[in-house]
Undergrad: 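The structure that follows is given in the form of structure tokens.
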Amino acid sequence: MSDNASSWNSLSPRYRVEMMLGTALVFVPPLAMVGIPLWVGEQDFIPWSWVAIALLALVGLFAVGFVPRRVRAMQYSLRSDDLVFRKGIFFQRSVAVPYGRLQLVDVSRGPISRLLGLSKLSLVTASASSGVSIPGLPQDVAEKLRDHLIAVAETRRAGL
Amino acid sequence: MVRHTLLAAAEVGTGQWYRLHPLTPVLQGGVVVAALVTAALASLWEAIILPAVLVFFGVEDTVPNSRLWGLVQQSLGLIALAALAFVVIIVLVFWLQWRVHVVRMDGDVIEVKKGLVAKSSRRARLDRVNTIGVRRPLIPRLLGLAKLDIQAAGNDASLVLAYLPIRVAQDLRRLILEGFDEEGEEHAEEVSHREVEVPLVRYLASLLVSVETLFLLVVLSSVIITAVVVGETAVWLGVVFALSVYLIYLIERMIRSGNFAVDSLSGDLRVSVGLLSTSVETIPPQRIHTLELSQPWPWKLLGWWRLNANLASQPGAATNKAPEHTVILPVATIDEVLRIVQLGIPWTTDSATTELLQGMLLKPRSQWAPLHALLCPPRARWRIPFSAHVNAAVLQSGIVLMRRGVWVARISVTPLTRVQSSSLSIGPWHRALGLAQVDLHSVSGPVSLSVVGMDDAEARGWWGLLNEATQKAIDSPGTPSLREVAS
């Protein structure tokens with residue numbers, strides 16, 4: 001693995017599905033709320049209800065449509081000394097975690113990830129604010145990465 | 001098997017069981033008994049005890065003619081027997097509790113067993129012990145006793161030895177921290193050196209020169225104005241109320257954090273705090289992940305600074321019962337603060353770093369900032385209008401220094417060997433101005449390490465240097481004896 005930062009790895013394209021579903025789910029409760037007049041049949045509010053639903057749906061569609069770009073912005077790079085994870089378009093954040101600081105590497109997957117065969121890799125250091133978790137990795141990649149990171153961390157372990 | 005009471009720390013370590021101080025059950029369960037007795041006395045006071053006392057001293061001749069009193073007179077012997085039985089049972093229970101409360105220690109583990117009915121036993125591996133605090137609540141302190149709070153790695157993994165004679169507690173703490181391996185060596189008397197003592201008057205003054213006082217002044221003046229305008233004398237009650245709340249706050253702080261002192265003993269810092277109940281904690285430099293010197297602006301005239309720390313494995317972080325030990329010095333002069341910083345972070349002892357640190361504390365940025373420092377460009381004032389001209393970060397032989405803030409000036413010192421990870425963030429506002437933010441990630445604590453509003457390109461370059469330096473520190477850890485080459 002080379003030291004230059006050009007060797008950026010992207011997430012699995014399948015992760016877009018998971019993230020789109022997650023984003024869409026956020027809009028379900030507000031949609032249900034503004035849709036109450038339609039259920040109740042409150043005539044005065046029905047037009048406003050439709051307007052609100054249309055607006056929310058528009059914002060939701062926009063958010064979902066934006067997901068591929070957000071997924072593309074999430075990248076990680078295994079450099080010689082540390083792992084760098086970057087994400088975000090409006091709020092960009094790049095975190096560098098030295099291998100010697102890794103205390104724990106966690107692989108987890110939720111129900112949707114499992115259907116898609118994806119896993120999330122979380123890196124734990126002694127600091128709570130490191131907060132690096134790389135979602136949307138194919139299961140075998142995540143496990144291989146975990147084993148690799150643990151092996152590297154073992155050799156470069158430094159005391160707390 | 002004969003079990004002895006623990007009277008000298010050197011005795012343990014053989015794997016034998018030892019009992020704790022005989023007064024332990026009284027100190028731990030005495031409150032319950034005292035409460036029971038008080039409740040009983042209170043309920044019987046008016047009906048029985050007061051008349052009996054009055055008759056006994058001849059103040060009154062006749063006893064009240066109530067049914068209860070008659071009943072008491074008839075069964076006086078029975079009552080005495082019951083009281084005696086109560087005392088015997090209490091003593092017996094205390095004695096049994098004392099007998100079963102035992103501690104054992106060998107080269108690997110320390111184990112505590114206690115409980116008559118509900119038995120409990122706790123065991124901790126000695127090599128996992130992070131920190132040991134000596135706590136001295138008021139009453140045990142008067143009796144010359146203390147408790148040892150042994151914190152092992154992990155949440156809520158604490159083992160309490162209560163109570164021990166203070167000397168035994170201190171020796172035991174040292175023995176556990178040093179390990180029992182070098183038992184052959186002579187245990188020289190702990191050479192502790194009093195580094196800084198915060199005078200009570202200065203601590204009180206620092207409380208008076210504070211935001212709370214400002215708040216009180218605002219409340220008072222508004223109340224007084226109202227009183228004058230309305231012409232209502234009852235409003236003065238509000239003044240009295242506000243003043244008494246303030247006074248209680250001052251007294252509470254004085255009792256809890258008065259008598260602050262920092263000692264150094266064989267490289268470790270020992271922080272003692274508390275006016276009545278003393279809590280002592282020894283902090284080895286390895287536990288200090290970052291130190292922050294801070295100064296609210298009114299203190300500028302007085303030249304005072306506060307010293308906070310992020311410490312590894314915060315004792316009682318999960319339970320929140322243990323006193324806060326993240327405050328290393330609540331108020332101190334520049335020399336005192338710098339002395340403790342040098343003891344806690346040995347990388348700061350070389351003359352160049354000392355000079356830099358002094359400059360950061362006293363001088364404007366243009367006078368202290370070295371060429372390799374990362375500084376806020378002037379355009380950052382559109383993002384941070386007040387602190388754009390002070391914010392800076394410096395990578396210096398083995399440490400990172402950060403300077404932030406105007407209302408509360410903050411200077412943090414972080415050894416690179418303790419930096420966990422770092423990040424570079426750019427929000428929309430930052431990007432519009434071509435700026436970036438750099439964060440260092442440390443263990444949890446009161447100090448946050450982040451500099452906002454740095455030039456994008458410069459911040460990226462500095463971040464790269466920071467990561468390289470962190471890596472170097474990981475590869476060759478250990479404290480420097482002499483200055484290293486600055487990157």
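Proteins get letters first, then strands, A, B, ... in listed order; numbering begins at 1 in each. Here the structure is a predicted model, which is why all the values come from computation and not from measurement.
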Undergrad: Out of Val124(A), Thr125(A), Leu102(A), Val97(A), which one pairs with Gln420(B) under the side-chain contact (heavy atoms from CB on, under 4.5 Å) rule?
TA: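 Option passing the side-chain contact (heavy atoms from CB on, under 4.5 Å) with Gln420(B): Thr125(A).
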
Undergrad: Side-chain atoms of residues 47-63 of chain A: list all donor-acceptor pairs with protein atoms under 3.5 Å, sequence neighbours left out, distances to 0.1 Å.
TA:
| residue | atom | partner | partner atom | Å |
| --- | --- | --- | --- | --- |
| Ser49(A) | OG | Val34(A) | O | 2.5 |

Undergrad: Give me the atom names and distance for the closest heavy-atom approach of Pro98(A) to Ser421(B).
TA: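 Closest heavy-atom pair between Pro98(A) and Ser421(B): CD-CA, 4.1 Å.
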
Undergrad: Below 4.5 Å from any heavy atom of chain B, which atoms of Val132(A) appear? Answer side chain, backbone, both or neither.
TA: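 Val132(A) has no heavy atom closer than 4.5 Å to chain B.
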
Undergrad: What residue, out of Leu440(B), Asp439(B), Thr470(B), Val419(B), has the most heavy-atom pairs lying under 4.5 Å from chain A?
TA: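 That would be Val419(B).
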
Undergrad: Is there side-chain contact between Arg431(B) and Gln92(A), with at least one heavy-atom pair below 4.5 Å?
TA: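 They are in contact (side-chain heavy atoms under 4.5 Å apart), so the answer is yes.
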
Undergrad: With side-chain contact (heavy atoms from CB on, under 4.5 Å) as the test, would you mind laying out the steps for Asn467(B) and Asp81(A) before giving the verdict?
TA: CA-CA 9 Å; Asn467(B) 288 334; Asp81(A) 295 328; over 6 Å; no

Undergrad: Could you grab the distance from atom CZ of Arg418(B) to atom OG of Ser127(A), nearest 0.5 Å is fine?
TA: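 It is 14.5 Å, given to the nearest 0.5 Å.
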
Undergrad: Of the non-hydrogen atoms in Ser442(B) and Ser129(A), which two are nearest, and what is the gap between them?
TA: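 Shortest heavy-atom contact: O-OG, 4.1 Å.
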
Undergrad: Side chain, backbone, both or neither: which part of Ile89(A) has an atom under 4.5 Å from a heavy atom of chain B?
TA: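 Just its backbone gets close to chain B.
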
Undergrad: Is it the case that over 12 heavy atoms from other parts of the model lie below 6.0 angstrom from the CZ atom of Phe45(A)?
TA: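 Check fails, neighbour count at 12 or below.
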
Undergrad: Evaluate whether atom CZ of Arg70(A) has more than 12 neighbouring non-hydrogen atoms of other residues, nucleotides or ligands under 6.0 angstrom away.
TA: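 Count not over threshold, so no.
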
Undergrad: Is Phe91(A) close to Ser425(B) at the side-chain level, that is, under 4.5 Å between some pair of heavy atoms?
TA: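 No, every pair of side-chain atoms sits at 4.5 Å or beyond.
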
Undergrad: Would you say Ser423(B)'s side chain and Val95(A)'s backbone share a donor-acceptor pair under 3.5 angstrom?
TA: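 Looks like no, no N/O pair under 3.5 Å.
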
Undergrad: Calculate, to the nearest 0.5 Å, the distance between atoms CZ and OG1 belonging to Arg101(A) and Thr417(B) respectively.
TA: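 OG1 of Thr417(B) is found 6.5 Å from CZ of Arg101(A).
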
Undergrad: Quick one: what part of Trp463(B) sits under 4.5 Å from any heavy atom of chain A, side chain, backbone, both or neither?
TA: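 Interface part for Trp463(B): side chain.
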
